[in-house]
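Take a look at the structure set out below.
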Amino acid sequence: MLHGKVLVAQGGGPTAVINQSVAGVVLEARKFRNVDLVYGAWHGVRGIVNEDFLDLTQETSHNLEMVADTPSSALGSTRDKPDLKYCQEIFKVLKAHGIAYFFYVGGNDSSDTVRIVSEEARKAGYPLRCMHIPKTIDNDLVLNDHTPGFPSAARFVAQSFMGANLDNAALPGVYLAVVMGRHAGFLTAASALGKKFPDDGPHLIYLPERTFKVEKFLGDVKATMDKHGRCVVAVSEGIHDETGAPIVTQLAKEVEKDAHGNIQLSGTGALADLLCDEIKGKLGYKRVRGDTFGYLQRSFVGCVSDVDQREAREVGEKAVQFAMWGQNDGSVTIQRTGFYSVDYKLMPLEAVAGKTRTMEDAFISESGTDVTDAFRMYLRPLLGKGMPDAFRLRLNNVPKVLNP
(Lines give C-alpha, C1' and ligand atoms only; values in the text may rest on other atoms or scores of the structure.)
Protein backbone atom coordinates (compact mmCIF):
# COMPACT_ATOMS: atom_id res chain seq x y z
CA MET A 1 0.00 0.00 0.00
CA LEU A 2 1.08 3.55 -0.70
CA HIS A 3 1.30 6.00 2.20
CA GLY A 4 -0.06 9.53 1.85
CA LYS A 5 -3.17 11.57 1.24
CA VAL A 6 -6.36 10.83 -0.68
CA LEU A 7 -7.97 13.30 -3.10
CA VAL A 8 -11.47 12.85 -4.50
CA ALA A 9 -13.15 15.06 -7.12
CA GLN A 10 -16.33 15.15 -9.20
CA GLY A 11 -16.55 16.04 -12.89
CA GLY A 12 -19.18 16.58 -15.57
CA GLY A 13 -22.93 16.83 -15.10
CA PRO A 14 -24.36 16.28 -11.60
CA THR A 15 -26.55 13.25 -10.87
CA ALA A 16 -28.94 12.21 -8.14
CA VAL A 17 -26.41 9.80 -6.60
CA ILE A 18 -22.90 11.11 -7.31
CA ASN A 19 -22.50 12.14 -3.66
CA GLN A 20 -22.99 8.50 -2.67
CA SER A 21 -19.78 7.69 -4.53
CA VAL A 22 -17.86 10.47 -2.81
CA ALA A 23 -19.15 9.36 0.59
CA GLY A 24 -18.13 5.80 -0.29
CA VAL A 25 -14.59 6.96 -1.05
CA VAL A 26 -14.25 9.13 2.06
CA LEU A 27 -15.72 6.69 4.58
CA GLU A 28 -13.84 3.73 3.15
CA ALA A 29 -10.51 5.58 2.85
CA ARG A 30 -10.69 6.77 6.47
CA LYS A 31 -10.54 3.13 7.58
CA PHE A 32 -6.98 2.67 6.31
CA ARG A 33 -3.99 3.56 8.50
CA ASN A 34 -1.79 4.37 5.49
CA VAL A 35 -4.08 7.32 4.66
CA ASP A 36 -3.01 10.55 6.32
CA LEU A 37 -5.82 12.85 5.18
CA VAL A 38 -8.76 12.80 2.76
CA TYR A 39 -9.24 15.89 0.60
CA GLY A 40 -12.04 16.92 -1.73
CA ALA A 41 -11.41 19.23 -4.70
CA TRP A 42 -13.83 22.10 -5.23
CA HIS A 43 -15.24 22.03 -8.79
CA GLY A 44 -13.30 19.06 -10.11
CA VAL A 45 -10.03 19.39 -11.95
CA ARG A 46 -10.30 23.19 -11.91
CA GLY A 47 -10.24 23.03 -8.13
CA ILE A 48 -7.16 20.83 -8.26
CA VAL A 49 -5.10 23.21 -10.38
CA ASN A 50 -6.29 26.10 -8.19
CA GLU A 51 -5.49 24.11 -5.01
CA ASP A 52 -9.05 24.60 -3.73
CA PHE A 53 -9.30 21.66 -1.35
CA LEU A 54 -11.61 20.68 1.51
CA ASP A 55 -10.32 18.50 4.34
CA LEU A 56 -12.94 15.76 4.40
CA THR A 57 -11.08 13.94 7.16
CA GLN A 58 -12.75 16.41 9.53
CA GLU A 59 -16.27 15.84 8.19
CA THR A 60 -18.58 13.84 10.45
CA SER A 61 -19.82 10.48 9.24
CA HIS A 62 -23.40 11.54 9.92
CA ASN A 63 -23.18 14.61 7.71
CA LEU A 64 -21.46 12.61 5.00
CA GLU A 65 -24.45 10.25 5.04
CA MET A 66 -26.86 13.18 4.80
CA VAL A 67 -24.91 14.64 1.88
CA ALA A 68 -24.79 11.21 0.23
CA ASP A 69 -28.60 11.17 0.13
CA THR A 70 -28.66 14.64 -1.46
CA PRO A 71 -28.66 14.92 -5.28
CA SER A 72 -26.19 16.99 -7.31
CA SER A 73 -22.43 17.39 -6.82
CA ALA A 74 -21.65 18.45 -3.24
CA LEU A 75 -18.04 19.21 -4.20
CA GLY A 76 -19.09 21.16 -7.27
CA SER A 77 -18.14 20.17 -10.79
CA THR A 78 -16.61 21.51 -13.99
CA ARG A 79 -16.94 21.11 -17.75
CA ASP A 80 -13.19 21.59 -18.26
CA LYS A 81 -11.74 18.99 -20.64
CA PRO A 82 -8.06 18.75 -19.65
CA ASP A 83 -5.44 18.29 -22.34
CA LEU A 84 -1.90 17.07 -21.69
CA LYS A 85 -0.70 20.46 -20.42
CA TYR A 86 -3.70 20.77 -18.08
CA CYS A 87 -3.09 17.25 -16.74
CA GLN A 88 0.55 18.07 -16.14
CA GLU A 89 -0.61 20.95 -13.94
CA ILE A 90 -2.93 18.56 -12.10
CA PHE A 91 -0.07 16.16 -11.49
CA LYS A 92 2.17 18.99 -10.27
CA VAL A 93 -0.41 19.92 -7.61
CA LEU A 94 -1.00 16.30 -6.57
CA LYS A 95 2.74 15.82 -6.09
CA ALA A 96 3.12 19.07 -4.13
CA HIS A 97 0.37 18.05 -1.69
CA GLY A 98 1.65 14.51 -1.21
CA ILE A 99 -1.41 12.89 -2.80
CA ALA A 100 -0.97 9.13 -3.03
CA TYR A 101 -4.49 8.23 -4.18
CA PHE A 102 -6.52 10.17 -6.76
CA PHE A 103 -10.21 9.29 -7.23
CA TYR A 104 -12.20 11.05 -9.96
CA VAL A 105 -15.95 10.49 -10.24
CA GLY A 106 -17.17 11.19 -13.77
CA GLY A 107 -17.91 10.07 -17.31
CA ASN A 108 -15.95 9.68 -20.54
CA ASP A 109 -13.87 12.86 -20.33
CA SER A 110 -13.14 12.29 -16.64
CA SER A 111 -11.84 8.79 -17.32
CA ASP A 112 -9.49 10.19 -19.96
CA THR A 113 -8.21 12.79 -17.49
CA VAL A 114 -7.43 10.03 -14.99
CA ARG A 115 -5.61 8.11 -17.73
CA ILE A 116 -3.36 11.04 -18.64
CA VAL A 117 -2.58 11.89 -14.99
CA SER A 118 -1.74 8.23 -14.37
CA GLU A 119 0.67 8.24 -17.31
CA GLU A 120 2.33 11.45 -16.10
CA ALA A 121 2.87 9.92 -12.65
CA ARG A 122 4.45 6.83 -14.16
CA LYS A 123 6.75 8.88 -16.37
CA ALA A 124 7.88 10.90 -13.34
CA GLY A 125 8.34 7.80 -11.20
CA TYR A 126 5.92 9.24 -8.63
CA PRO A 127 3.92 6.69 -6.59
CA LEU A 128 0.30 7.62 -7.35
CA ARG A 129 -2.73 5.35 -7.59
CA CYS A 130 -5.35 6.76 -9.99
CA MET A 131 -8.95 5.51 -9.98
CA HIS A 132 -11.86 6.47 -12.20
CA ILE A 133 -15.31 6.01 -10.63
CA PRO A 134 -18.18 5.78 -13.18
CA LYS A 135 -20.95 8.37 -13.33
CA THR A 136 -23.23 9.53 -16.11
CA ILE A 137 -26.97 9.78 -16.69
CA ASP A 138 -26.32 9.05 -20.39
CA ASN A 139 -25.28 5.46 -19.55
CA ASP A 140 -22.63 5.65 -22.25
CA LEU A 141 -19.50 4.31 -20.52
CA VAL A 142 -18.16 1.21 -22.25
CA LEU A 143 -17.58 -2.08 -20.38
CA ASN A 144 -20.34 -1.19 -17.88
CA ASP A 145 -23.74 -2.87 -17.73
CA HIS A 146 -24.97 0.56 -16.61
CA THR A 147 -23.58 3.60 -14.85
CA PRO A 148 -24.57 5.27 -11.55
CA GLY A 149 -26.83 8.24 -12.14
CA PHE A 150 -28.58 6.68 -15.11
CA PRO A 151 -31.14 4.58 -13.15
CA SER A 152 -32.42 7.58 -11.17
CA ALA A 153 -32.62 9.78 -14.27
CA ALA A 154 -34.35 6.93 -16.10
CA ARG A 155 -36.84 6.64 -13.24
CA PHE A 156 -37.61 10.35 -13.59
CA VAL A 157 -38.07 10.05 -17.36
CA ALA A 158 -40.35 7.00 -17.04
CA GLN A 159 -42.53 8.69 -14.41
CA SER A 160 -42.63 11.96 -16.34
CA PHE A 161 -43.90 10.26 -19.47
CA MET A 162 -46.38 8.29 -17.40
CA GLY A 163 -47.83 11.59 -16.19
CA ALA A 164 -47.64 13.21 -19.62
CA ASN A 165 -49.51 10.26 -21.11
CA LEU A 166 -52.30 10.59 -18.54
CA ASP A 167 -52.60 14.29 -19.32
CA ASN A 168 -52.62 13.62 -23.05
CA ALA A 169 -55.31 10.95 -22.68
CA ALA A 170 -57.56 13.41 -20.84
CA LEU A 171 -57.06 16.20 -23.39
CA PRO A 172 -55.96 14.48 -26.62
CA GLY A 173 -53.46 16.03 -28.99
CA VAL A 174 -49.75 15.74 -29.76
CA TYR A 175 -47.29 15.91 -26.87
CA LEU A 176 -43.54 15.82 -27.52
CA ALA A 177 -40.68 15.92 -25.01
CA VAL A 178 -36.94 16.09 -25.64
CA VAL A 179 -34.67 14.06 -23.36
CA MET A 180 -30.90 14.31 -22.83
CA GLY A 181 -28.54 12.04 -24.78
CA ARG A 182 -26.15 13.37 -27.45
CA HIS A 183 -24.98 10.01 -28.80
CA ALA A 184 -26.71 7.37 -26.65
CA GLY A 185 -30.48 6.92 -26.43
CA PHE A 186 -30.74 4.98 -23.16
CA LEU A 187 -32.38 7.82 -21.24
CA THR A 188 -34.93 8.59 -23.95
CA ALA A 189 -35.68 4.87 -24.26
CA ALA A 190 -36.49 4.82 -20.53
CA SER A 191 -39.71 6.65 -21.40
CA ALA A 192 -41.12 3.29 -22.50
CA LEU A 193 -41.13 2.08 -18.89
CA GLY A 194 -43.95 4.53 -18.14
CA LYS A 195 -46.37 2.49 -20.26
CA LYS A 196 -48.95 0.15 -18.71
CA PHE A 197 -51.59 -0.40 -21.40
CA PRO A 198 -50.86 -1.13 -25.10
CA ASP A 199 -52.22 2.23 -26.28
CA ASP A 200 -50.32 4.26 -23.66
CA GLY A 201 -47.67 6.74 -24.71
CA PRO A 202 -44.98 7.28 -25.62
CA HIS A 203 -46.27 5.98 -28.93
CA LEU A 204 -43.10 7.04 -30.73
CA ILE A 205 -39.51 7.04 -29.45
CA TYR A 206 -36.66 8.54 -31.47
CA LEU A 207 -33.06 7.67 -30.59
CA PRO A 208 -29.68 8.91 -31.87
CA GLU A 209 -28.79 5.30 -32.75
CA ARG A 210 -31.12 5.60 -35.75
CA THR A 211 -31.20 8.16 -38.57
CA PHE A 212 -33.99 10.70 -38.16
CA LYS A 213 -35.95 11.79 -41.22
CA VAL A 214 -38.36 14.67 -40.73
CA GLU A 215 -40.85 13.47 -43.36
CA LYS A 216 -40.97 9.96 -41.89
CA PHE A 217 -41.40 11.47 -38.42
CA LEU A 218 -44.40 13.47 -39.64
CA GLY A 219 -45.83 10.33 -41.23
CA ASP A 220 -45.40 8.43 -37.95
CA VAL A 221 -47.19 11.16 -36.00
CA LYS A 222 -50.08 11.24 -38.48
CA ALA A 223 -50.46 7.44 -38.41
CA THR A 224 -50.52 7.48 -34.61
CA MET A 225 -53.10 10.26 -34.51
CA ASP A 226 -55.26 8.36 -37.00
CA LYS A 227 -55.04 5.22 -34.87
CA HIS A 228 -55.34 6.61 -31.33
CA GLY A 229 -56.65 10.13 -31.75
CA ARG A 230 -53.61 11.35 -29.84
CA CYS A 231 -49.81 11.00 -29.88
CA VAL A 232 -47.08 11.12 -27.23
CA VAL A 233 -43.51 11.36 -28.54
CA ALA A 234 -40.13 10.93 -26.81
CA VAL A 235 -37.19 12.44 -28.69
CA SER A 236 -33.50 12.30 -27.87
CA GLU A 237 -31.69 15.62 -28.09
CA GLY A 238 -29.07 13.88 -30.24
CA ILE A 239 -31.25 12.85 -33.19
CA HIS A 240 -29.43 13.40 -36.48
CA ASP A 241 -29.75 12.95 -40.24
CA GLU A 242 -27.92 10.42 -42.44
CA THR A 243 -24.79 12.60 -42.46
CA GLY A 244 -24.67 12.73 -38.65
CA ALA A 245 -25.69 16.39 -38.50
CA PRO A 246 -28.02 17.21 -35.57
CA ILE A 247 -31.61 17.74 -36.68
CA VAL A 248 -31.74 21.02 -34.79
CA THR A 249 -29.22 22.45 -37.30
CA GLN A 250 -31.57 21.57 -40.17
CA LEU A 251 -34.60 23.22 -38.66
CA ALA A 252 -33.12 26.22 -36.85
CA LYS A 253 -31.91 29.42 -38.46
CA GLU A 254 -29.35 29.88 -35.69
CA VAL A 255 -27.92 27.38 -33.18
CA GLU A 256 -26.20 27.92 -29.85
CA LYS A 257 -22.79 26.46 -29.10
CA ASP A 258 -21.19 25.62 -25.76
CA ALA A 259 -17.76 26.66 -24.48
CA HIS A 260 -16.13 23.80 -26.40
CA GLY A 261 -17.75 24.68 -29.72
CA ASN A 262 -20.28 21.83 -29.58
CA ILE A 263 -23.82 22.53 -30.75
CA GLN A 264 -25.94 23.20 -27.66
CA LEU A 265 -28.47 20.38 -27.47
CA SER A 266 -29.55 20.48 -23.82
CA GLY A 267 -31.81 22.95 -22.13
CA THR A 268 -32.51 25.38 -24.96
CA GLY A 269 -35.95 24.04 -25.89
CA ALA A 270 -35.17 24.70 -29.56
CA LEU A 271 -35.57 21.14 -30.83
CA ALA A 272 -38.94 20.59 -29.17
CA ASP A 273 -40.27 23.91 -30.47
CA LEU A 274 -39.00 23.27 -33.99
CA LEU A 275 -40.50 19.78 -34.20
CA CYS A 276 -43.81 21.05 -32.84
CA ASP A 277 -43.78 23.79 -35.48
CA GLU A 278 -43.26 21.13 -38.16
CA ILE A 279 -46.24 19.15 -36.86
CA LYS A 280 -48.51 22.18 -36.68
CA GLY A 281 -47.39 23.63 -39.99
CA LYS A 282 -47.42 20.47 -42.10
CA LEU A 283 -50.04 18.28 -40.42
CA GLY A 284 -52.39 21.01 -39.31
CA TYR A 285 -52.97 19.78 -35.75
CA LYS A 286 -53.78 22.63 -33.38
CA ARG A 287 -53.22 21.00 -29.99
CA VAL A 288 -49.46 20.37 -30.10
CA ARG A 289 -47.29 20.83 -27.03
CA GLY A 290 -43.55 20.43 -26.55
CA ASP A 291 -41.31 20.16 -23.47
CA THR A 292 -37.59 19.90 -22.87
CA PHE A 293 -36.68 18.06 -19.68
CA GLY A 294 -33.25 19.71 -19.64
CA TYR A 295 -31.54 19.66 -16.26
CA LEU A 296 -34.64 18.38 -14.42
CA GLN A 297 -33.75 14.73 -15.05
CA ARG A 298 -30.24 14.98 -13.57
CA SER A 299 -30.76 15.80 -9.89
CA PHE A 300 -34.49 15.55 -9.26
CA VAL A 301 -35.15 15.26 -5.52
CA GLY A 302 -37.66 12.63 -4.47
CA CYS A 303 -37.27 10.48 -7.59
CA VAL A 304 -34.12 8.52 -6.78
CA SER A 305 -33.67 4.80 -7.38
CA ASP A 306 -32.63 2.90 -4.25
CA VAL A 307 -30.68 0.52 -6.50
CA ASP A 308 -28.82 3.48 -7.96
CA GLN A 309 -28.03 4.85 -4.50
CA ARG A 310 -26.64 1.55 -3.31
CA GLU A 311 -24.48 0.94 -6.37
CA ALA A 312 -23.16 4.50 -6.45
CA ARG A 313 -21.98 4.03 -2.86
CA GLU A 314 -20.44 0.67 -3.67
CA VAL A 315 -18.43 1.85 -6.69
CA GLY A 316 -16.84 4.44 -4.41
CA GLU A 317 -16.05 1.83 -1.78
CA LYS A 318 -14.73 -0.64 -4.36
CA ALA A 319 -12.52 2.04 -5.91
CA VAL A 320 -10.78 2.48 -2.55
CA GLN A 321 -10.45 -1.27 -2.05
CA PHE A 322 -8.99 -1.76 -5.54
CA ALA A 323 -6.59 1.12 -4.90
CA MET A 324 -5.44 -0.11 -1.49
CA TRP A 325 -5.18 -3.82 -2.16
CA GLY A 326 -4.31 -3.83 -5.85
CA GLN A 327 -1.31 -2.83 -7.90
CA ASN A 328 -3.01 -1.15 -10.87
CA ASP A 329 -4.73 2.09 -11.78
CA GLY A 330 -8.09 1.67 -13.47
CA SER A 331 -11.76 2.34 -13.92
CA VAL A 332 -14.33 0.62 -11.72
CA THR A 333 -17.07 -1.02 -13.81
CA ILE A 334 -20.46 -2.52 -12.99
CA GLN A 335 -21.12 -6.04 -14.26
CA ARG A 336 -24.58 -7.65 -14.09
CA THR A 337 -24.84 -11.17 -12.68
CA GLY A 338 -27.92 -13.39 -12.41
CA PHE A 339 -31.41 -11.96 -12.98
CA TYR A 340 -30.38 -8.93 -11.04
CA SER A 341 -27.29 -8.56 -8.98
CA VAL A 342 -23.99 -6.88 -9.77
CA ASP A 343 -20.28 -7.35 -9.36
CA TYR A 344 -17.53 -4.76 -9.70
CA LYS A 345 -14.40 -5.17 -11.79
CA LEU A 346 -11.42 -2.91 -12.36
CA MET A 347 -10.72 -2.27 -16.04
CA PRO A 348 -7.65 -0.61 -17.58
CA LEU A 349 -8.12 3.13 -17.98
CA GLU A 350 -7.28 3.03 -21.67
CA ALA A 351 -10.10 0.52 -22.26
CA VAL A 352 -12.71 2.98 -20.97
CA ALA A 353 -11.24 6.46 -21.45
CA GLY A 354 -12.74 8.60 -24.17
CA LYS A 355 -14.96 5.85 -25.58
CA THR A 356 -18.73 6.05 -26.00
CA ARG A 357 -21.29 3.27 -25.63
CA THR A 358 -24.54 3.45 -27.58
CA MET A 359 -27.72 1.39 -27.30
CA GLU A 360 -27.38 -2.15 -28.57
CA ASP A 361 -29.50 -3.13 -31.60
CA ALA A 362 -31.21 -5.79 -29.48
CA PHE A 363 -32.74 -2.99 -27.39
CA ILE A 364 -34.29 -1.12 -30.34
CA SER A 365 -37.42 -2.27 -32.18
CA GLU A 366 -37.37 -3.05 -35.88
CA SER A 367 -39.43 0.07 -36.57
CA GLY A 368 -36.78 2.22 -34.89
CA THR A 369 -39.47 4.09 -32.95
CA ASP A 370 -39.81 1.82 -29.91
CA VAL A 371 -37.78 -0.40 -27.59
CA THR A 372 -37.83 -4.18 -27.26
CA ASP A 373 -38.81 -6.36 -24.31
CA ALA A 374 -35.08 -7.03 -23.87
CA PHE A 375 -34.59 -3.35 -23.01
CA ARG A 376 -37.55 -3.36 -20.63
CA MET A 377 -36.08 -6.38 -18.84
CA TYR A 378 -32.69 -4.67 -18.75
CA LEU A 379 -33.96 -1.41 -17.26
CA ARG A 380 -36.75 -2.42 -14.90
CA PRO A 381 -34.54 -3.72 -12.03
CA LEU A 382 -32.48 -0.52 -12.11
CA LEU A 383 -35.47 1.73 -11.43
CA GLY A 384 -35.76 0.40 -7.88
CA LYS A 385 -38.73 -0.18 -5.65
CA GLY A 386 -41.85 1.95 -5.28
CA MET A 387 -42.37 2.74 -8.95
CA PRO A 388 -45.89 4.19 -9.30
CA ASP A 389 -48.53 2.69 -11.56
CA ALA A 390 -51.42 4.23 -13.51
CA PHE A 391 -54.91 2.76 -13.76
CA ARG A 392 -58.02 3.42 -15.83
CA LEU A 393 -61.74 3.34 -15.35
CA ARG A 394 -63.45 0.36 -16.95
CA LEU A 395 -65.57 1.37 -19.93
CA ASN A 396 -68.97 0.20 -18.76
CA ASN A 397 -70.82 2.49 -21.15
CA VAL A 398 -74.44 3.43 -20.53
CA PRO A 399 -76.68 3.02 -23.64
CA LYS A 400 -77.64 6.31 -25.31
CA VAL A 401 -81.31 7.29 -25.24
CA LEU A 402 -81.58 10.33 -27.52
CA ASN A 403 -78.99 9.27 -30.10
CA PRO A 404 -78.69 5.50 -29.96
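Heavy atoms only: backbone and side chains are in, while hydrogens, waters and symmetry mates are out. Remember, predicted model here, so these are calculated numbers, not experimental data.
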Whether K85 and E89 form a salt bridge (side-chain N of Lys/Arg under 4.0 Å from carboxylate O of Asp/Glu) is what I want to check.
no
What about the rings of H97 and F53, do their centers lie closer together than 6.0 Å?
yes
Do any pairs count as a salt bridge (charged side-chain N to carboxylate O under 4.0 Å, His left out) and have a residue in residues 197-211, sequence neighbours left out, and if so which ones?
D199-R392, D200-R392, R210-D361
How long is the gap from CD on E314 to CD1 on I133, to the nearest 0.5 Å?
13.0 Å
Test of understanding: with ring pair (Phe, Tyr, Trp, His ring centres under 6.0 Å), list the residues that count as partners of Y344, not counting sequence neighbours.
none
A quick test of your reading: do over 12 heavy atoms of other residues, nucleotides or ligands sit less than 6.0 Å from CE of M66?
yes
What I'd like to find out is whether the side chain of I364 reaches to under 4.5 Å of the side chain of V371, using heavy atoms alone.
no
Is D329 paired with R129 through a side-chain N to carboxylate O contact shorter than 4.0 Å?
yes
Yes or no on side-chain contact (heavy atoms from CB on, under 4.5 Å) for L218 and L283, after CA distance, side-chain angles and deciding distance?
CA-CA 7 Å; L218 293 172; L283 296 181; 4.2 Å; yes
Is the number of heavy atoms from other residues, nucleotides or ligands within 6.0 Å of NZ (K227) greater than 12?
no
Are any of the side-chain heavy atoms of L275 and F212 separated by less than 4.5 Å?
yes
Any salt bridge linking D36 with K5? Criterion: basic side-chain nitrogen under 4.0 Å from a carboxylate oxygen.
no
For E360, enumerate each residue passing the salt bridge (charged side-chain N to carboxylate O under 4.0 Å, His left out) test, keeping only those at least two apart in sequence or located in another chain.
R357
Are any non-hydrogen side-chain atoms of L382 and F150 less than 4.5 angstrom apart?
yes
Quick one: does L383's side chain get under 4.5 Å of S305's, heavy atoms only?
no
Of all the heavy-atom pairs spanning G149 and T15, show the shortest one and how long it is.
CA-CB, 3.8 Å
When every non-hydrogen atom of S73 is compared with those of I18, the smallest separation belongs to OG-CG2, 3.7 Å
What's the shortest heavy-atom distance between Y101 and L2, and which atoms?
OH-N, 2.9 Å
Work out which heavy atom in L346 is nearest to a heavy atom in F322; give both atom names and the distance.
N-CZ, 3.9 Å
Evaluation steps, side-chain contact (heavy atoms from CB on, under 4.5 Å), between M180 and R298
CA-CA 9 Å; M180 281 185 173; R298 293 207 304 213; 4.1 Å; yes
In the structure I gave you, are the side-chain heavy atoms of L27 and L64 within less than 4.5 Å of one another anywhere?
yes
Output every pair passing salt bridge (charged side-chain N to carboxylate O under 4.0 Å, His left out) with a member in residues 40-67, not counting sequence neighbours, ordered by first then second residue.
R46-D80, E65-R313
Is there a side-chain contact between R230 and N165 (heavy atoms, below 4.5 Å)?
yes
Is it true that a side-chain atom of D370 and a backbone atom of H203 form a donor plus acceptor pair closer than 3.5 Å?
no
Partners passing salt bridge (charged side-chain N to carboxylate O under 4.0 Å, His left out) against K95 (at least two apart in sequence or in another chain)
none
With rounding to the nearest 0.5 angstrom, report the OH to OG1 distance, Y104 to T113.
5.5 Å
Pi-cation contact, F391 with K196 (under 6.0 Å, within 45°):
yes
Is it possible for you to check whether K213 lies under 6.0 Å from the centre of the six-membered ring of F217, through NZ or CZ, and within 45° of that ring's axis?
no
Could you tell me whether F339 atom CZ has more than 12 heavy atoms of other residues or ligands within 6.0 Å of it?
no
Could you go step by step and tell me if Q10 and N19 meet the side-chain hydrogen bond (donor to acceptor under 3.5 Å, both in side chains) rule?
CA-CA 9 Å; Q10 299 169 316; N19 293 330; 3.1 Å; yes
Do other residues, nucleotides or ligands put more than 12 heavy atoms under 6.0 Å from the CG atom of N403?
no
Any C276 side-chain heavy atom under 4.5 Å of V174 side chain
no
I137 and Q297: side-chain contact (heavy atoms from CB on, under 4.5 Å), yes or no, with the steps?
CA-CA 9 Å; I137 66 167; Q297 58 217 305; 4.3 Å; yes
Would you mind listing every salt bridge (charged side-chain N to carboxylate O under 4.0 Å, His left out) that reaches into residues 130-142, with sequence neighbours excluded?
none
Does D112 form a side-chain contact (heavy atoms from CB on, under 4.5 Å) with R115? I'd like the steps, not just the answer.
CA-CA 5 Å; D112 204 36; R115 177 189 63 81; 2.8 Å; yes
From L128 CG over to S118 OG, what is the distance, rounded to the nearest 0.5 angstrom?
7.0 Å
Check the side chains of T372 and R376 for a donor-acceptor pair under 3.5 angstrom, ignoring hydrogens and angles.
no
Check K282 with E278, please: is the shortest side-chain N to carboxylate O separation under 4.0 Å?
yes
Interatomic distance, D83 atom CG to I116 atom CD1 [nearest 0.5 angstrom]
7.5 Å
Quick one, F102 with Y39, criterion ring-ring contact (aromatic ring centres under 6.0 Å, His included). Give me CA distance, side-chain angles, the key distance, then yes/no.
CA-CA 10 Å; F102 174 40; Y39 291 167; over 10 Å; no
Geometric class of the Y340/H146 ring pair [parallel <30°, tilted 30-60°, perpendicular >60°]:
tilted
Taking atom NZ as the centre, does K355 end up with more than 12 heavy-atom neighbours from other residues, nucleotides or ligands that are less than 6.0 angstrom away?
yes
Any side-chain donor paired with an acceptor under 3.5 Å for D69 and Q20?
yes
pair L171-R287: side-chain heavy atoms closer than 4.5 Å
yes
How far does CH2 of W42 sit from OG1 of T78, to the nearest 0.5 angstrom?
14.0 Å
Are side-chain N/O atoms of Q335 and N144 paired as donor and acceptor at under 3.5 Å?
no
Donor-acceptor pair between H132 and S331 side chains, under 3.5 angstrom:
yes
Taking all heavy atoms of L204 and all of V221, pick out the closest pair and write down the distance.
CD1-N, 3.8 Å
Would you compute the distance between atom OG of S111 and atom CD of E350 and round it to the nearest 0.5 angstrom?
11.0 Å
D373-Y378 side chain donor-acceptor pair, cut-off 3.5 Å:
no
If you compare all heavy atoms of S236 against all heavy atoms of G181, which two are closest, and at what distance to 0.1 Å?
OG-O, 2.8 Å
